[in-house]
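Inspection log for the structure reproduced underneath, given as structure tokens.
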2 protein chains.
Amino acid sequence: MAAEYTLSTDRHSRLNEQESFKSLYIVRSGSFKTTISASNGREQVTGFYFPGEFIGLDAIHHQSYRSTAKSLESSTVCELPYKMLQEIGKEMPQLQIQLLTRLSKELSNDKSLMLLLGKKTSDEKLATYLLSLSKRFKDRGFSATDFQLSMSRGDIANHLGLAVETVSRILSRFQENGLITIAGKVISLKQVKNLEDLCG
Amino acid sequence: MAAEYTLSTDRHSRLNEQESFKSLYIVRSGSFKTTISASNGREQVTGFYFPGEFIGLDAIHHQSYRSTAKSLESSTVCELPYKMLQEIGKEMPQLQIQLLTRLSKELSNDKSLMLLLGKKTSDEKLATYLLSLSKRFKDRGFSATDFQLSMSRGDIANHLGLAVETVSRILSRFQENGLITIAGKVISLKQVKNLEDLCG
DNA sequence: CGCAAGCTTGACTCATATCAATACAAGTGG
DNA sequence: CCACTTGTATTGATATGAGTCAAGCTTGCG
């Protein structure tokens, strides 16, 4: 079976997707962000990854913009050498299909993110983002309303195509309006229904 | 082998990705746009597809937002029932790998598009878009500098997260500055190097 | 403790959207 | 072939959402 091995764990450690693509990674614990950067140095946070999710799916086919993953807290991953996946895949078509499904799911998420980045107002972006996190935590068996944001305001802002200040202001306003309570990284969704209405 | 069959061809015909996902499609001739829509009716053009490209990869895994594809001109596709692909894939791992690679390539493109939508100015967006089209035509053996835009200004604007008027103005300005010439749908890139510098 | 990094809040600016008017292009039918 | 309609594109004037700049505040860590 997959000779799993657990990789770098420190806060802010970087998990580079190497020059020559070799492996996929599954998050085992903690969380990661992935970014791509433009020639001029600007960066875009393309996603956040939680336990059970794959990192590196976009690197199977190589392209000009490569992604970098950074852990947001003390985290572990399981490395899956791609060569090995291919070998196993020959015996177990089910594995290939599983991979395809994961890729397709990420693709589908990314399309939704395009809608968010291209068409939503800042309020809608934040509401959508909070609910998307909520859903992911819920799927993992955690509380859908009370959780920790492992990413900084800056990461959130960048991911949603906003300025940090805008994120800060909107979270404050959401709190004033009783939609959420938030203190630092600890957030609690108080009026999920109203947040949903805000998603646009 | 794949019992290929050719589907709807008329201008503006719609190629719905059905309730129950059944097939992938490869564009055979012409071009398509794909869109997703928010609950309030707003739409985002998530991509344009040219001959040889797959439509429907994001539907393998089903999600709340489903995509719709519309042809931009008289077009044909080749339908690939997913069940069949899976069957064949069992015998030919190479096919699965090909599919994975295609999916990964689209994922990679989408990440770049996030960078565009989230971080680029309108000038940079247009320049990036024009060069991306150029590259795709070149890869297909057509001119990299002279081609037809099969999509409307509105589709371009929507795809790039801009207003139609903004697209119109910028194209006019690019022309004034000698970067391109454009008349209706016929465009010619005159200063590729300068356009590249504009991409940010 | 004290510095550095991250976060919040306010005042002001600007890029791009919106609104409005006109022009152009492609069909359609008489 | 020409008027008419309809959709699409351009151009100008104005408004505004969110960014930028600036200042203070909070948190966590050496």
Side-chain angles (χ1 to χ4, degrees), chain A residues 10-12 33 40 42-45 70-74 116-130 148-177 179-187 198 200, chain B residues 10-12 33 40 42-45 70-74 116-130 148-177 179-187 198 200:
Chain A
D10 285 349
R11 193 134 186 279
H12 294 134
K33 68 172 172 183
N40 60 14
R42 266 174 298 178
E43 273 195 348
Q44 170 77 24
V45 172
K70 282 187 193 158
S71 66
L72 298 170
E73 58 196 310
S74 189
L116 179 149
L117 287 167
K119 295 282 165 319
K120 296 197 178 186
T121 65
S122 43
D123 281 29
E124 290 167 348
K125 286 176 177 182
L126 254 300
T128 307
Y129 179 66
L130 292 179
Q148 277 249 353
L149 303 170
S150 56
M151 65 295 294
S152 70
R153 301 286 193 275
D155 288 336
I156 297 173
N158 182 305
H159 184 54
L160 302 179
L162 298 171
V164 196
E165 294 93 328
T166 306
V167 170
S168 207
R169 274 187 256 274
I170 293 175
L171 289 177
S172 298
R173 183 152 43 76
F174 280 4
Q175 181 159 233
E176 277 167 34
N177 299 347
L179 294 168
I180 62 173
T181 60
I182 186 161
K185 307 231 171 235
V186 180
I187 188 169
L198 259 178
Chain B
D10 285 348
R11 190 135 187 279
H12 294 134
K33 68 172 173 182
N40 59 16
R42 267 175 296 179
E43 273 196 347
Q44 170 76 24
V45 172
K70 283 186 194 159
S71 65
L72 299 169
E73 57 198 310
S74 189
L116 178 148
L117 287 167
K119 297 280 166 319
K120 296 198 179 185
T121 65
S122 42
D123 282 30
E124 291 167 347
K125 286 176 177 181
L126 254 299
T128 306
Y129 179 66
L130 293 180
Q148 278 249 352
L149 303 170
S150 55
M151 67 294 295
S152 71
R153 301 286 192 273
D155 288 337
I156 297 173
N158 183 305
H159 184 54
L160 302 179
L162 298 171
V164 196
E165 294 94 327
T166 305
V167 169
S168 207
R169 275 187 254 274
I170 292 176
L171 289 177
S172 298
R173 183 152 42 76
F174 279 3
Q175 179 159 235
E176 277 168 34
N177 299 346
L179 293 168
I180 63 174
T181 60
I182 186 160
K185 308 233 171 230
V186 181
I187 189 168
L198 258 178

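Excluded from the calculations below are hydrogen atoms, water molecules and symmetry mates; all remaining heavy atoms, backbone and side chain alike, are included. Small disclaimer: the values here were computed from a predicted structure and weren't measured.
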note: B:Leu116, atom CG; C:dT16, atom C1'; distance rounded to Å ~ 15 Å
From NZ of B:Lys120 across to P of C:dA15 the rounded distance in Å is 18 Å
Are B:Glu43 and B:Lys33 ion-paired here, with the side-chain N under 4.0 Å from a carboxylate O?
no
A:Leu171: which of A:Thr166, A:Leu179, A:Leu126 passes side-chain contact (heavy atoms from CB on, under 4.5 Å)
A:Leu126
Counting N and O atoms only, with roles assigned by atom type, does the side chain of B:Arg153 sit under 3.5 Å from a partner on the main chain of B:Gly184, one being a donor and the other an acceptor?
yes
Could you give the CD-to-C1' distance, from A:Gln148 to D:dT27, as a whole number of Å?
14 Å
According to a strict under-4.0 Å criterion, is B:Thr166 in side-chain N/O contact with OP1 or OP2 of C:dA17?
yes
Taking only N and O in the side chain of B:Lys185, is any of them less than 4.0 Å away from OP1 or OP2 of D:dA9?
yes
Phosphate oxygens OP1/OP2 of D:dT11: is one of them under 4.0 Å from a side-chain N or O of B:Ser168?
no
Is any side-chain nitrogen or oxygen of A:Arg169 closer than 4.0 Å to OP1 or OP2 of C:dT8?
no
Does B:Ser172 make a side-chain N or O approach to OP1 or OP2 of D:dT11 shorter than 4.0 Å?
yes
Taken to the nearest whole Å, CD1/B:Ile170 to P/D:dT10 is 12 Å
What integer distance in Å separates B:Glu176:CD from D:dT11:C1'?
11 Å
A:Asp123 CG to D:dT16 C1': how many Å, rounded?
14 Å
Could you give the CD1-to-P distance, from A:Ile156 to C:dC7, as a whole number of Å?
8 Å
Among D:dA18, C:dT8, C:dA17, which nucleotide has an atom closest to any side-chain atom of B:Leu162?
C:dA17
Calculate the interatomic distance between B:Arg153 atom CZ and D:dA9 atom C1'; express it in whole Å.
7 Å
Counting any heavy atom closer than 4.0 Å, what does A:Leu171 reach on the DNA or RNA strands: base, sugar-phosphate only, or nothing?
nothing
Under-4.0 Å salt bridge between A:Lys185 and A:Glu73:
no
Minimum-distance nucleotide (side-chain atoms of A:Val164 versus D:dA18, C:dT16, C:dT8)
C:dT8
Has the side chain of B:Glu165 got a donor or acceptor atom sitting under 3.5 Å from an opposite partner on the base of C:dC19?
yes
Under 3.5 Å, is there a donor-acceptor pair between the side chain of B:Lys125 and the main chain of B:Ala157?
no
